[in-house]
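Each remark here refers to the structure printed beneath this line.
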Amino acid sequence: MIPSTLEYTKASSIDEAVAAVAAGAVPLSGGQSLMPMMRLRLAAPHAIVDLSGIPELVGICEDEDEIAVGAMTIHREVAASQLIREHAGLVADAAGGIGSPQVRNRGTIGGSLGHADPHSDMPATLIAAGASVIAKGPNGERRILVEDLITTYLTTTLEPGEIITQVRIPKSDDHSAYAKFHRRAIDWTVVGVGVCIGDDGVRAAATGVADKPVRLTAFEAVLNGGGSLDDAIAKVAEGIEPHAGLDGSAEYKKHLLGVLARKAHAEASSR
Amino acid sequence: MAVDYTTQATGGIGDAVLRKEDRKFVTGEGRYVDDLKLPGMLHAAFVRSPFGHARITSIDASAALALPGVHAVLTNESLPVETGVLSASNPGGDVRHPEQAILAKEIARYVGEPVAMVIADDRYLARDGADLVHVEYDPLPVVVDAEKALEDGAPLVHAEYDSNLVKTLEHVTDGFDDAMAKAAKVIKLRVDNQRLTPSAMETRGCIGDWQEATGEVTLYTSTQVAHFVRTFVSIVCGTSEAKVRVVTPDVGGGFGAKLNTYREEFAVCAASHAVGHPVKWIEDRTEAGVATIHGRAQVQYYEVGVTDEGKIVALKFDAVQNNGAYNMLLTPSISHLTLFMVPGLYDIQDISIRIRQAFTNTTPTDAYRGAGRPEATHGIERLMDAIADDLGIDAAEVRRRNFIKPEQFPYSSATGLIYDSGSYDANLDAALELSDYAGFEARRAESEAKGKYRGIGLSTYVEVCGLAPSAVTAALGIGAPGWEHSTVRLHPTGKATVITGTSPHGQGHATSWSQITQTELGIPFEDVEVIHGDTAFQPYGLGTYGSRSLAVGGIALYRSLGKVREKARELAAHLLECSIDDLEWTGTAWQVKGSPDRSKTIQELAYAGWTSASLPEGIEPVLEATTFHDPPNFTFPSGTHVCEVEIDPETGRIEILKYTAVDDCGNVINPLIVDGQVHGGIIQGLGQALFEETVYAEDGQMLTPTFVEYLVPSAADVPEMTLSRTTTPSPSNPLGVKGIGEAGTIGASAAIVNAAVDALSGLGVRHIEMPMQPARIWNVIQEAKS
């Protein structure tokens, strides 16, 4: 990697990291997105602050209502967590299928959300699970629903100086699953769908079909209105116009939405 | 014949001995260009054109030069060398050879063409400097598609010519029209053999070191052809060839992409001359996507005349080859290899071939594993299935009816080759048996019951290898020969140094050459060292490509070993005081026939030859011999590959369930290496069939410069393969070897595509273009159903 000249610091506390980011540094978590962008010089930060030396950003714990996942927790830990498997199985599904073992041992849940790639697996599942993030900035902490976090390609509602410190996933008894499709065995997701089936209805979200992860509102509405799964699948792409690319036409991706929504729904129902 | 790796390996010919060079590679001890650091060395980065076609109106280097650590910014005008046509093939022939300056001169003709060069203290600063060079471009009209480039009114890639036509290859047999007129049926097929990016694990890289005081130039470079590079560096840099040394350290793969002479290789030498320091350049992966040659890129139109029984009576082949923006070392010659192999292994004597080569605003194309032959094989093997489908004849049977038969060898092909040997029915029989072809329909029904489409596909191939008899390269207008060099040198201790003109970059020559030496000269495998790739240590060598190393370089070695053995025999007769006719070779010693107590081992003779205390009349000291071997003919490996796939109609994903390959590469030196070559070759063919495609937008932008867009298969995408062999030794060389480096790639793509077409044949699908990514397959299914 031949990045442009930059300053590197490693923060040992959240406050130190926040101060560095507020001063213009770009936060480096697992490096699975930022580093490739720096390699291509699509990102050329003048400074980066490494978050890997902050112990409180790592780990998974619970309180009465939520699971708290430190932003620097790697995908492998999320995939292996019994707590997440029990209360938000689709998040564990997604974490266990990201990239390769090397990527899952480096990439983090907070980094995936902060990077906001529209093909990432994690954000869609966290949206379906109703998760939030805790963001900390110079003005203190605030909570943001993941659904409100990502606005478009590589863009979030984080304020300047804010970093994601924690992801909070509601503890639920929902049955949930994530289904995705990619071209090679190890590859970017073309389309992925997460489905949660609970007492209060069905929630579903998809990745790869827009400039950000999206709720499948038409699909949810049919099912929550008592309609059949077939009818819901027929409407799954309503209001969604995926971008055609080398990985497929818009029509193909809309078709995959249906295939994957059905698959995720079936898997969730069987759990 | 299944390979038994448990056979006790002693290191002789035919043994599955482990590769002696692998320890350094698997422990990270290999030394590649980027591992080399010379005193005072500076680093280069290139400014490359972001436009497919543009006039360079100004280059402002002031900001780059102001950056501390930047030593120079060079443009074509400021490079201190002669520039000119850098392509080797067809000099003075009927081919258009536009000037390819070292750095773009006035006009850039493809995205990634080098425009300026920044020299700095380190690689990072060089790249920072390159980002600060401000180039003004005036965009010009672009053409990327080769067929469109040949249409009237197409934008001209080189304005000095009246069209984008580089060259037309034509070959029509006398009886073609009559034969085609008599055909019971004519079947047509268009096949697009897509552009590929070679993607060696080690990208290119080089260090130029120009010594002002002596005028000597040393170039360290990741290449397959050190001597070619030396010749061209001397021409381009205006230096005596005797003053240029090219060193090839370990090379991490080439696949033909390093069978070339590149602008960057000249540029680092010239830059070293300009700045008075060694200059290193290492290509980064994204740069490799545009700066290193591409492969394939050939569109083919077939028309085949057949009898009602499926016998081919005449074949017409009309193709357009996309050469890219310039001709590289062998660009105009690649489709010659296609031309040779258009009839494949079928007895087709009436043929009409036309191949038009076109300039386009794209990275130049040249040799990529198989180089022109995969294109021919893929096309004819798709065509054989089209014939089978059209006439309702089994795909294996239609091939069998058209095969050249064993009794027809040596076989004169309609394209002027003499196929040396082969047993195509034997390959087919073995592959059908191993793949349980007969039991396929039951398996198809099983898949159908699960809602999946299952198909089986065949590819029967022959390739022309062992490039090349020098008379043939001359006849093709290539200004270079096809022989190979070897030297065998025995040391006083009885150990051997083998110097070879071949240039291994993954092929395991150190191992195979040691095995041949052990068998032919009795020097133990571990006592043989193999030297290659340094022009200071060897006479001219032609390098490694075209599955030539064993069939040409290995024979050069075999002949040198024989010369040493015979010289040793004269020495032994002298020392044992007998006639040479009284001696017999035991495999490790010369002994008096019937008298084991009267013998001299090769080690004893090496010592005696060195001490020279008592030499026979007319014999010079030292056991050493050199050979320049020019092969009398090509070799013709062949095989049958069978692929079985299952297609998920919901997603369009193709899963390869079974892959069977039966290859005839003649006699085998090391079964492990042969199997490794077949595995790797098949994976590259699979990559083309399922995933890989280098894509240009209409405006000349390259859409697949990284491995995010350009899908190279991973290990997890590779099916288990069942390999087997038949053996018909080549009569063209004393080892009976043929070559195996490209066979897998040549055989694989058609087997996989034929399987997919077969799977969807029930829907009326007759052809699918590559790569067969899921979205394409899903579209094919939707179109077939609608």
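So that the names make sense, note that chain A is the first sequence line, chain B the second, and so on, each numbered from 1.
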Identify which part of [X] has an atom lying under 4.5 Å from any heavy atom of chain A, answering side chain, backbone, both or neither.
X	value
Phe691(B)	side chain
Gln773(B)	side chain
Asp131(B)	side chain

Quick one: does [X]'s side chain get under 4.5 Å of [Y]'s, heavy atoms only?
X	Y	value
Arg653(B)	Phe181(A)	yes
Glu650(B)	Lys263(A)	no
Glu251(A)	Trp778(B)	yes

Self-check item: Tyr252(A) (side chain) donor-acceptor with Thr651(B) (main chain) under 3.5 angstrom
Solution: yes
Quiz item: What part of Pro36(A) gets closer than 4.5 Å to chain B, counting heavy atoms only: side chain, backbone, both or neither?
Solution: neither
Practice problem: Check whether Leu256(A) gets within reach of chain B through its side chain, its backbone, both or neither, counting any heavy atom under 4.5 Å. | Solution: side chain
Exercise. Give the intermediate values and the outcome of side chain to side chain contact (heavy atoms under 4.5 Å, CB included) for residues Tyr124(B) and Thr5(A).
Key: CA-CA 7 Å; Tyr124(B) 302 86; Thr5(A) 305; 5.7 Å; no
Do you know the tightest heavy-atom contact between [X] and [Y]?
X	Y	answer
Pro3(A)	Asp128(B)	O-OD1, 4.4 Å
Leu246(A)	Leu703(B)	CD1-O, 3.9 Å
Arg184(A)	Tyr710(B)	NH1-O, 4.1 Å
Ala775(B)	Asp247(A)	CB-O, 3.9 Å

Rounded to the nearest 0.5 Å, what separation is found between the [atom1] atom of [X] and the [atom2] atom of [Y]?
X	Y	atom1	atom2	answer
Arg285(B)	Leu40(A)	CZ	CG	12.5 Å
Asp717(B)	Arg183(A)	CG	CZ	11.5 Å
Ile2(A)	Ile282(B)	CD1	CD1	9.5 Å
Arg776(B)	Ser249(A)	CZ	OG	12.0 Å

Quiz item: Could you walk me through whether Arg41(A) and Asp284(B) pass the salt bridge (charged side-chain N to carboxylate O under 4.0 Å, His left out) check?
Solution: CA-CA 12 Å; Arg41(A) 296 200 170 195; Asp284(B) 74 31; over 6 Å; no
Quiz item: Do Ser4(A) and Arg127(B) have side-chain atoms, one donor and one acceptor, less than 3.5 Å apart?
Solution: no
Quiz item: Counting only heavy atoms not in Lys452(B), do more than 12 fall under 6.0 Å of its NZ?
Solution: yes
